[in-house]
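Written out below as structure tokens is the structure these notes cover.
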Amino acid sequence: MSIAASLQKSTTESLKALFGQPFTEKDFQVSQTKPEFEGDYTVVMFSLVKSLKLSAEVIGNQLGVHLVENYPHLFSAYNIIKGFLNVTVTDNYWLALLEKNYDDICFGKQPLNGKKVMVEYSSPNTNKPLHLGHLRNNFLGWSVAEILKANGNSVLKSCIVNDRGIHICKSMIAWQMFANHATPQSTHTKGDHFVGEYYVKFNNEYKKEVAALIAEGMDEKEAEKEAPIMRATQQMLQDWEAGKPEVIELWKTMNSWVYDGFDITYKTIGSDFDKIYYESNTYLLGKDIVRQGLDKNVFFKKPDGSVWIDLTSDGLDEKLVLRKDGTSVYITQDIGLAQQKYDEYKIDQSIHVIGDEQNYHMKVLQLICKRMGLPYADDIHHLSYGMVELPTGKMKSREGTVVDADDIVSEMEKEAMVKTAELGKVKEFTKSELTDLYHVIGLGALKFFLVRIEPKKKMIFNPEESIDFHGFTAAFIQYNYARIQSVLRKNEMLKVNLEAGSFLPLEKELVVSLERYGAVISQAAEELNPSLIAIYIFNVAKTFSSFFAEHSIAKAETAEKKQLRWQLANMTANVIKSGMALLGIDVPGRM
RNA sequence: GGUCCGGUAGCUCAGUUGGAUAGAGCAUCAGCCUUCUAAGCUGAGGGUCAUUGGUUCGAAUCCAAUCCGGAUCACCA
């Protein structure tokens, strides 16, 4: 149990003992004591004044005395300022905490709780390479999965690959028209980039054709429908659905090029999945559920044969679930996929990491599942995140205005190389050690940049002012980790009895901060919010950095101080490494 | 128009779920390497928490209205 939770518990017990009535943890608030006051944690008593009809001073005094007398192993002193009861935790508590955990690499993590969660993220289209927006999705999803694991859940990482549909056919048609049998191999191009080029080519050609038709006097809407390349694409989609061999062959070939490219990117950024779903296998699912829903009158049929659900009573609109020709739409397959996941794994919670542009869609999906009475309806959760935009506006792959994932990663590595060379601290590194270091620093900076902000906020990425290595960054944290490793290499831990020790302010601040790690993981898991981990780890590193500048470990005043600081440093390193791992960021032994 | 999200320092963001004098990073300015890694440390300046009203011991936080920005409301996915 965290010290904050212990204080909460002992406060409810004390209040009950003192005033003879039951209290819960909601009746008062516990928070960290502000640095300008004496004490470690604070009980806010204003909320108790009314129910007890006593002044805050009186309650605080009685409570303070009771806490110190009855929990002497936890609390050593208190003071009251206005309605705030500031409680000092005993030095022995902190010493014992350090002694027990300074070398525990699992500190802060929870044992398995039996809950099964699936996190779906990434969900790429197989017609273009990944871009910065996908990276935010990947890093968020991956990190949320790791945080949930650390908090005791069994987690399955999943991915739905959008490998079919009109947008895939666009790249295929363009390849047929313009490629002259070129391949990634023949052009020495990474497969996903290669296919992406044809997606852009499609759109250029399409625009040209539409413009030409309009020039001939056709109106815009019709021109967009009638453009020959679009007609050919639609024909191809029909051929695909009919299973026309040469179309399927081309589809498989081009998709395999893209997968080769994705594999490289995923490997580079450290993304992985336990289960991959393909839309080409799932797009027909869900129709049965719709049929059942028709029988139950959850859905209704319009005269033309299309099937709808009326969500107006929930403040939404009517939504189509089956076309008049009986084929399924986006939402239909999602219902089917949700059912399939549940059948396969009996998951307790299904988290979908999807951009906030799809808030409406996910709301509809959940509502439909609810109205159908599906058992997992309430366990579907949309982790919605804001778009990554450029100073010039939205990224559009159709128009080629995207920050490519592979490009940005290698640019960051290059930046890391330049900066490292300037500082000249790792001259004895081998070539491959250097490559690893640049990767760790460059990719770390990028991940931290994308994950340090609350998911639902949209963010603007300015390529001109590229991500730097100072302040609230991964590099700062990695740097402090490397410094600690250096100290630990040069100094051995002494084996001294620390029973009677006490803390200087920065030592105390550091151990108090480290103690919170478990609570931070829990909160991040509950809120599905990796930025809490990022902020926390940064604060740990910052506190360490001040501590490190102020107090020497090698030349500590006494043997006890040297041991205490050695253990503090070691535990800090472990927490940094562990926390950064939850964000998918590695830490170097030297930099 | 309906629904949803956002608006906090020049910029990028926190703000422990209603608590003490609203905090970090960047940028600016002033100090600090003969001492365990200066990708660092210490300090300074910088605020109408979009606006107005309400709720109460107490509001950046909750409620209402308004303003600004964004997303979405397809027989696309």
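Not measured: the values here are computed from a predicted model. First the proteins, then the strands, lettered A, B, ... as listed; each starts at 1. Every heavy atom of this structure was used, including side-chain atoms; hydrogens, water molecules and symmetry mates were not.
- Contact annotation for A:Met387: no contact, since no heavy-atom pair falls under 4.0 Å across all strands.
- Distances from the side chain of A:His470 to the nucleotides B:rG19, B:rG15, B:rG40 place B:rG40 closest.
- Within 6.0 Å of CD on A:Glu220 lie no more than 12 heavy atoms contributed by other residues, nucleotides or ligands.
- Using atom C1' as the reference point in both B:rA20 and B:rC63, the two lie 25 Å apart (nearest Å).
- By the 4.5 Å heavy-atom criterion applied to side chains, A:Leu316 and A:Tyr360 are counted as neighbours.
- Across all strands, A:Asn86 comes closer than 4.0 Å to base atoms (heavy-atom distances).
- Comparing B:rG47 with B:rU42, their P atoms are spaced 23 Å from each other, to the whole Å.
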Verdict with reasoning, A:Arg164 to A:Glu241, per salt bridge (Lys or Arg N to Asp or Glu O under 4.0 Å):
CA-CA 9 Å; A:Arg164 50 135 254 135; A:Glu241 295 205 7; 3.2 Å; yes
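- In this structure the side chain of A:Glu318 never reaches within 4.5 angstrom of the side chain of A:Ile309, judged on heavy atoms.
- Residue A:Ala554 is classed as a base contact, given a heavy-atom separation below 4.0 Å to a base.
- With B:rC36, B:rU35, B:rC41 as the candidates, the nucleotide lying closest to the side chain of A:Val487 is B:rC36.
- Relative to the six-membered ring of A:Trp308, A:Lys302 meets both conditions, a distance below 6.0 Å and an angle of at most 45° to the axis.
- Taking the six-membered ring for Trp and the full ring otherwise, the centers of A:Tyr278 and A:Trp251 sit at least 6.0 Å from each other.
- Using C1' as the reference atom, B:rU8 and B:rU48 are 12 Å apart when rounded to the nearest Å.
- If you check every strand for non-hydrogen atoms under 4.0 Å, A:Ser486 touches a base.
- For A:Phe548 and B:rC36, the ring-to-base geometry satisfies the stacking test (centroid distance below 5.5 Å, interplanar angle below 30°).
- Of the listed nucleotides (B:rC36, B:rA20, B:rG7), B:rC36 has the atom at the smallest distance from the side chain of A:Lys490.
- In RNA chain B, consecutive stretches of 3 or more Watson-Crick or G-U wobble pairs with both distances under 3.5 Å are given as paired ranges: B:1-7 with B:67-73, B:10-13 with B:23-26, B:28-32 with B:40-44, B:50-54 with B:62-66.
- Contact check of residues 311-321 of chain A against RNA chain B (heavy atom, cut-off under 4.0 Å) returns A:Asp317, A:Leu320.
- At least one donor-acceptor pair under 3.5 Å links the side chain of A:Ser6 to the backbone N or O of A:Ser2.
- With hydrogens and angles disregarded, a donor-acceptor distance shorter than 3.5 Å links the side chain of A:Thr572 to the backbone of A:Leu568.
- With distances taken from any side-chain atom of A:Tyr330 to the nucleotides B:rA20, B:rA77, B:rG25, the minimum falls on B:rA77.
- Scanning atom types as modelled, no donor and acceptor separated by under 3.5 angstrom connect the side chain of A:Ser531 and the base of B:rA14.
- Here the side chain of A:Gln366 pairs a donor or acceptor atom with the backbone of A:Ile380 at under 3.5 angstrom.
- Atom C1' of B:rG25 sits at a distance of 15 Å from the matching atom of B:rC41, rounded to the whole Å.
- Residue A:Ser546 is classed as a sugar-phosphate contact, given heavy-atom separations below 4.0 Å to backbone atoms only.
- Listed nucleotides B:rC73, B:rG40, B:rG19 differ in distance to A:Val44; the shortest reach to its side chain belongs to B:rG19.
- Between A:Phe448 and A:Phe472, the angle of the ring planes goes over 60°, which puts this pair in the perpendicular group of the 30/60° scheme.
- Nearest nucleotide to the A:Glu527 side chain, out of B:rG19, B:rU17, B:rG40: B:rU17.
- Contact annotation for A:Phe538: backbone-only contact, meaning every heavy-atom pair under 4.0 Å involves sugar-phosphate atoms and none involves a base.
- A distance of about 32 Å separates the C1' atoms of B:rG18 and B:rC26, rounded to the whole Å.
- Residue A:His551 is in base contact, counting any heavy-atom pair closer than 4.0 Å across all strands shown.
- Taking atom C1' on both nucleotides, B:rG54 is separated from B:rG15 by 24 Å, rounded to a whole Å.
- With B:rA14, B:rG69, B:rC5 as the candidates, the nucleotide lying closest to the side chain of A:Lys458 is B:rG69.
- Base contact: A:Thr420 has a heavy atom under 4.0 Å from a base atom.
- Between A:Tyr330 and A:His361, the two ring planes are parallel [angle under 30°; tilted spans 30° to 60°].
- Here A:Phe37 packs flat against the base of B:rA20; its ring centre is closer than 5.5 angstrom to the base's six-membered ring, tilted by less than 30 degrees.
- As judged by a 4.0 angstrom heavy-atom cut-off over every strand, A:Lys324 is placed among the base-contacting residues.
- Taking CD1 of A:Ile453 as the start and CZ of A:Arg136 as the end, the distance is 6.5 Å to the nearest 0.5 Å.
- Rounded to a whole angstrom, the distance from the C1' atom of B:rG46 to that of B:rU34 is 37 Å.
- If you check every strand for non-hydrogen atoms under 4.0 Å, A:Phe84 touches a base.
- Counting atom types as modelled, A:Asp334 pairs no side-chain N or O with a base atom of B:rA77 as donor and acceptor under 3.5 Å.
- Within 4.0 Å (heavy atoms only), A:Arg590 reaches at least one base atom of the nucleic acid.
- Here B:rU37 is the nucleotide among B:rG25, B:rU17, B:rU37 with the atom lying nearest to any side-chain atom of A:Tyr479.
- Place A:Tyr360 and A:Trp308 on RNA chain B by their nearest nucleotides, and A:Tyr360 ends up nearer the 5' end.
- Across the P atoms, B:rC68 and B:rA50 are found 16 Å apart, a figure rounded to whole Å.
- Among the atoms of the strands shown, none is found under 4.0 Å from any heavy atom of A:Glu422.
- Using a 4.0 Å heavy-atom cutoff across all strands shown, A:Thr42 reaches at least one base atom of the nucleic acid.
- In this structure, of B:rA77, B:rU72, B:rG40, it is B:rG40 that holds the atom nearest to the side chain of A:Phe476.
- As judged by a 4.0 angstrom heavy-atom cut-off over every strand, A:Gln29 is placed among the base-contacting residues.
- In the set B:rC13, B:rA20, B:rA77, the nucleotide with an atom closest to the side chain of A:Glu36 is B:rA20.
- In terms of modelled atom types and a separation under 3.5 Å, the side chain of A:Tyr517 and the main chain of A:Ile576 share no donor-acceptor contact.
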